[in-house]
Protein chains: 2
Amino acid sequence: MGDKGRASRQAGGVVACVDCPLRHQAAFRQFAPEELAFVTHFKAGELQITAGTDILLAEHNSAHLFTLLRGWAYRYSLLPDGRRQILNFLLPGDFIGLQAGLFDAMQHSVAALTDVTLCVFQRSELWSLYREQPSLGYDLTWLAANEEALVDANLVAVGQRTALARIAYLIVQFHARLEGVGMSQHGRFAFPLTQQHVADALGLSLVHTNKTLRRLVKLGAVKVGGGMLAIARLDQLRAIAGLEEAKPRSRPIL
Amino acid sequence: MGDKGRASRQAGGVVACVDCPLRHQAAFRQFAPEELAFVTHFKAGELQITAGTDILLAEHNSAHLFTLLRGWAYRYSLLPDGRRQILNFLLPGDFIGLQAGLFDAMQHSVAALTDVTLCVFQRSELWSLYREQPSLGYDLTWLAANEEALVDANLVAVGQRTALARIAYLIVQFHARLEGVGMSQHGRFAFPLTQQHVADALGLSLVHTNKTLRRLVKLGAVKVGGGMLAIARLDQLRAIAGLEEAKPRSRPIL
DNA sequence: CGCGAAGTTGAAACAGGTCAATGCTTGTGG
DNA sequence: CCACAAGCATTGACCTGTTTCAACTTCGCG
């Protein structure tokens, strides 16, 4: 899955955390000055990764942790027989590699879906974060719990919903998350996933994913094309997915 | 679902954390004296819950957090149409309600599978834990990440494996986890799940679960009966499940 | 002994998977 | 600027794992 990659570390031209454009998005909580100071110190640099490249590998452990600054990524795991399950998608503001930081070997891999920019943190500094800035430790737990909640929701979708409902669910979820980080305008947003990604995330075959997505389009619920997705009728999508409306939570960002 | 329940708080007769029998199990890391002191202070009491009763409810929030001391529980969520997805099972030593502690409303419910004893912690003390005992804050993040890893694994199973492999996977996983807390002897352990639980955890219908489990028994991989499950051929089970052997991690317990 | 919950089993229906082609883009090199 | 390759989307036909429906049995317990 991750291949052809090329990664370059940037020395200069790095965004200071105070000026981080993400931080001003609606979704994120405000940081106190000393928290911001610590994060700035914690941040070791930035990393650019090309679309399709792996960021972290299962079975390995990494000296770094990341926050996704720009672009899309996804966590996935491969079975011995080659099948792939995408565990969830990562959007700007998401923390990457908590498991890598806490365990000695990752259980899954993380790959860049699009070209991606990452904030890099030293794993070795993680402990000092808890010691010196407990509120950030609390935030990390929060992020871990939040990500678990996402996976929970995916499991519910894959375990209980029909193909049509799963795809509707995925779209509604993307919409909500992208809204939060200002990447959706009037229900319209960039959609860099290939149908194979959708299939692997929802436990469906590629062919059936195609047919079902097509059906969703014919139903008039969404429009897709040119790497964009537009939600035509959000209520209809929610109904198909069997989803209630959910209010987003204000979240931390490291 | 949780019903018929009855819960009683115990004033006396509570196990002191130092003497906690779980703490001596192989799976758990050793605590420093001051950590132990804090946890003891953190623990507000014990709670007994009857099998089948809900411990935490979705949409609600709780003033308490728990550690499962004795018995089995499970996290689940219900869809509008009544279908139930069990997200994962909780065994002694597992922390309950992190999401309840961090978010203002739970996304899922937790129910007691068997009669259960819980250590009770005050949610309001959670923050002081991070401030006064950062290492325990770190542990909480660890526990959150660990639980996420469990759900990840479940998602892989439900998304990618056949019915037979899913059930094999579930059994292997129980075996590994129960070993860690001394609840399995020679691959034989109490198995309080009903087939409906198995079905709801694995995204299968009850009928198919039955037939498939039966098949697994006929294959000679496991023996079930009398609320007990005995693994006859662990390697065969692993092969069916498409699982590699995994070494358990030493974990914290609050 | 009798009731309700849980486990079994068979038959029929269907959602989704697999196989196999075909078309559409896009990027690359000549 | 065109031809080709490679990846992705689309469609039809067919096949099968799983679900659904409908009994019937067994177990645990008052």
Side-chain angles (χ1 to χ4, degrees), chain A residues 1-4 50-53 79 81-85 111 113-115 157-170 191-218 222-229 240 242, chain B residues 1-4 50-53 79 81-86 111 113-115 157-168 190-218 222-229 240 242:
Chain A
M1 316 285 123
D3 33 31
K4 68 178 143 166
T50 319
T53 312
L79 284 97
D81 67 356
R83 301 172 69 90
R84 172 177 73 169
Q85 175 67 45
L113 183 58
T114 65
D115 286 355
V158 174
Q160 303 298 333
R161 292 194 233 267
T162 81
L164 191 69
R166 287 185 216 182
I167 295 187
Y169 152 81
L170 189 72
F191 193 75
L193 306 214
T194 184
Q195 295 188 358
Q196 185 69 64
H197 289 122
V198 176
D200 288 348
L202 300 178
L204 296 169
S205 74
L206 173 58
V207 173
H208 199 243
T209 298
N210 177 292
K211 290 175 179 168
T212 307
L213 177 57
R214 202 106 303 280
R215 182 142 70 99
L216 210 48
V217 172
K218 289 216 186 77
V222 296
K223 286 210 250 294
V224 266
M228 288 281 148
L229 191 152
I240 293 175
Chain B
M1 340 276 137
D3 33 31
K4 67 176 142 164
T50 320
T53 311
L79 285 98
D81 67 357
R83 301 173 68 92
R84 173 178 74 171
Q85 175 68 43
I86 291 183
L113 182 59
T114 65
D115 285 355
V158 174
Q160 303 299 335
R161 293 196 233 266
T162 89
L164 192 68
R166 287 185 216 181
I167 295 188
F191 193 74
L193 306 215
T194 185
Q195 295 187 357
Q196 184 70 63
H197 289 123
V198 176
D200 288 349
L202 299 178
L204 296 170
S205 73
L206 173 58
V207 173
H208 197 53
T209 298
N210 177 293
K211 289 174 179 169
T212 309
L213 178 55
R214 200 107 303 282
R215 183 142 70 99
L216 210 49
V217 171
K218 288 217 187 75
V222 295
K223 284 208 250 298
V224 265
M228 289 280 146
L229 191 154
I240 293 175

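To find a chain, count down the sequence lines: A is the first, B the second, and so on, and within it residues start at 1. Only a predicted model underlies this, so the values are computations on that prediction, with no experimental measurement involved.
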| query | Are OP1 or OP2 of dA5(C) and a side-chain N or O of Gln195(B) less than 4.0 angstrom apart? | reply | no
| Can you check the Leu193(A) CG to dC8(D) P distance for me, whole Å? | 12 Å
| request: Return the minimal non-hydrogen interatomic distance between Ala163(A) and Thr212(A), and the atom names on each side. | output: C-CG2, 3.8 Å
| So what does Gly203(B) touch, heavy atoms closer than 4.0 Å: a base, only the sugar-phosphate, or nothing? | sugar-phosphate
| Between dT19(D) (C1') and Arg83(B) (CZ): distance, integer Å | 9 Å
| Do the side-chain N or O atoms of Arg214(B) get closer than 4.0 angstrom to the phosphate oxygens (OP1, OP2) of dT8(C)? | yes
| field | Euclidean distance, atom CG of residue Leu204(A) to atom P of dA9(D) [Å, nearest integer] | value | 15 Å
| Given dG7(C), is OP1 or OP2 found less than 4.0 Å from the side-chain N or O atoms of Asn210(B)? | no
| Is there a donor-acceptor contact under 3.5 Å from the side chain of Asp115(A) to the main chain of Ala51(A)? | yes
| remark: Rounded to whole Å, the CG-P distance (Leu213(A) to dT11(D)) equals 11 Å
| field | Protein-nucleotide distance (Arg215(A), atom CZ; dG16(C), atom C1'), rounded to Å | value | 11 Å
| query | For Thr209(A) and Ile167(A), which heavy atoms make the closest approach, and how far apart are they? | reply | O-CD1, 3.8 Å
| Main-chain N/O of Gly203(A) paired to Gln160(B) side chain as donor or acceptor, under 3.5 Å | no
| query | So what does Thr162(A) hit on the nucleic acid, given a heavy-atom distance under 4.0 Å: a base, only sugar-phosphate, or nothing? | reply | sugar-phosphate
| field | Nearest-Å distance for atom pair CD/C1', residues Gln160(A) and dA15(C) | value | 15 Å
| Which part of the nucleic acid, if any, lies within reach of Leu206(B) when heavy atoms closer than 4.0 Å are counted: base, sugar-phosphate only, or nothing? | nothing
| field | His208(A) side chain, from C-beta outward: closest of dG10(C), dT18(C), dG16(C) | value | dG16(C)
| message | Rounded to whole Å, how long is the line connecting atom CZ of Arg161(B) with atom P of dT18(D)? | response | 13 Å
| Thr194(B) side-chain N/O to dA5(C) phosphate OP1/OP2 under 4.0 Å | no
| field | Leu113(A) CG to dG7(D) P, straight-line distance once rounded to whole Å | value | 17 Å
| request: Look only at the side chain of Arg161(B) and the backbone of Arg166(B), and say whether a donor-acceptor pair between them is shorter than 3.5 Å. | output: no
| Is a donor-acceptor contact shorter than 3.5 angstrom present between the side chain of Lys211(B) and the base of dG17(D)? | no
| For Gly225(A), which contact category applies under a 4.0 Å heavy-atom criterion: base, sugar-phosphate, or nothing? | nothing
